[in-house]
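Reviewing the structure listed below.
FYI, the numbering just counts along the sequence from 1.
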Amino acid sequence: DADYGGNGQNDYQFVLADVQELHVVAEGTFVALTSTGVLKSYGNWSGGGADLTNIKSVATSASGFIALDQIGVVHRFGSYQDDYDQTKPYEPGYAGFSPIREIYAGGYGGYGAITEDGDFFVWGYGAEMDGTPIVDNLPHKAAGIGFDYGKVGILFEDNSIINPLSSDFVPISTNIG
């Protein structure tokens with residue numbers, strides 16, 4: 001309806017051909033990605049109105065989403081992404097820029113990214129440990145990022161973990177079904 005994801009309207013249409021992925025942000029946004037890399041979103045403050053091209057992946061939390069484009073840049077939409085004490089992926093042209101390989105999101109506003117070199121960035125709700133933002137200051141290469149409500153954990157290639165979660169990480173190649 002008009003108050004929850006409807007951009008102020010009670011009736012609306014969201015038309016896009018060749019959709020390969022459709023994501024929903026619980027706070028009221030729909031995100032569609034086509035096979036040609038066109039991303040469109042519709043909804044409220046949690047990410048509605050995005051219109052991007054050359055996107056290769058999308059990750060959603062309950063309050064926003066991030067999108068990764070073909071050159072390794074992360075585009076951010078929704079809540080818990082503006083804490084300037086937390087380190088987010090750099091933009092091209094910035095001295096520390098390294099293309100992002102993989103993006104992650106989960107919980108109620110947790111986000112993460114791993115560079116092609118195995119460095120990680122985490123930001124948003126839960127991206128702190130003992131009140132301090134989690135930063136990549138280890139020589140290990142990150143392999144995955146996981147989320148609980150209010151907590152972000154990082155798994156490394158040597159199976160060490162920062163900020164362990166209540167559940168175990170499961171390798172992508174593992175069949176959990």
[X] and [Y]: same hydrophobic cluster, using ILVMFWY side-chain contacts below 4.5 Å?
X	Y	value
V58	V73	no
I71	L39	no
I162	V152	yes
I100	I66	yes
I55	V31	yes

Shortest non-hydrogen contact between [X] and [Y], atoms and distance:
X	Y	answer
V24	T60	O-OG1, 4.3 Å
T29	S41	CG2-CB, 4.0 Å
S63	S46	O-CB, 3.6 Å
Q81	R76	O-NH1, 2.5 Å

Quiz item: Taking only residues two or more places apart in sequence or in another chain, which ones pass side-chain contact (heavy atoms from CB on, under 4.5 Å) with Y125?
Solution: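 Y125 satisfies side-chain contact (heavy atoms from CB on, under 4.5 Å) with Y80, Y108, Y149 only.
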
For residues 110-122, dump all side-chain donor-acceptor pairs below 3.5 Å to protein atoms at least two apart in sequence or in another chain.
{"unit_1": "Y111", "atom_1": "OH", "unit_2": "S61", "atom_2": "OG", "d": "2.9"}
{"unit_1": "Y111", "atom_1": "OH", "unit_2": "G64", "atom_2": "N", "d": "3.4"}
{"unit_1": "Y111", "atom_1": "OH", "unit_2": "S79", "atom_2": "O", "d": "3.3"}
{"unit_1": "T115", "atom_1": "OG1", "unit_2": "D117", "atom_2": "N", "d": "3.2"}
{"unit_1": "T115", "atom_1": "OG1", "unit_2": "G118", "atom_2": "N", "d": "3.3"}
{"unit_1": "T115", "atom_1": "OG1", "unit_2": "D119", "atom_2": "N", "d": "3.0"}
{"unit_1": "D117", "atom_1": "OD2", "unit_2": "S98", "atom_2": "OG", "d": "3.4"}

Quiz item: When I154 is tested against each of I134, N163, I161 for side chain to side chain contact (heavy atoms under 4.5 Å, CB included), which residue passes?
Solution: I134

Practice problem: Can you measure from OG1 (T34) to CG (L22) and round to the nearest 0.5 angstrom? | Solution: 12.5 Å

Quiz item: Could you state the interatomic distance from OG1 (T132) to CD (Q86), rounded to the nearest 0.5 Å?
Solution: 11.0 Å

Quiz item: ring-ring contact (aromatic ring centres under 6.0 Å, His included) between Y42 and F30: does it pass, once the steps are laid out?
Solution: CA-CA 5 Å; Y42 189 84; F30 300 93; 7.8 Å; no

Quiz item: Is there side-chain contact between W123 and P89, with heavy atoms separated by less than 4.5 Å?
Solution: yes

If you look only at distance, which donor and acceptor atoms sit under 3.5 Å apart when one is on a side chain in residues 138-145 and the other is two or more places apart or in another chain?
{"unit_1": "H140", "atom_1": "NE2", "unit_2": "D158", "atom_2": "OD2", "d": "3.3"}

Quiz item: side chain to side chain contact (heavy atoms under 4.5 Å, CB included) between K88 and V74: does it pass, once the steps are laid out?
Solution: CA-CA 9 Å; K88 295 161 202 72; V74 176; over 6 Å; no

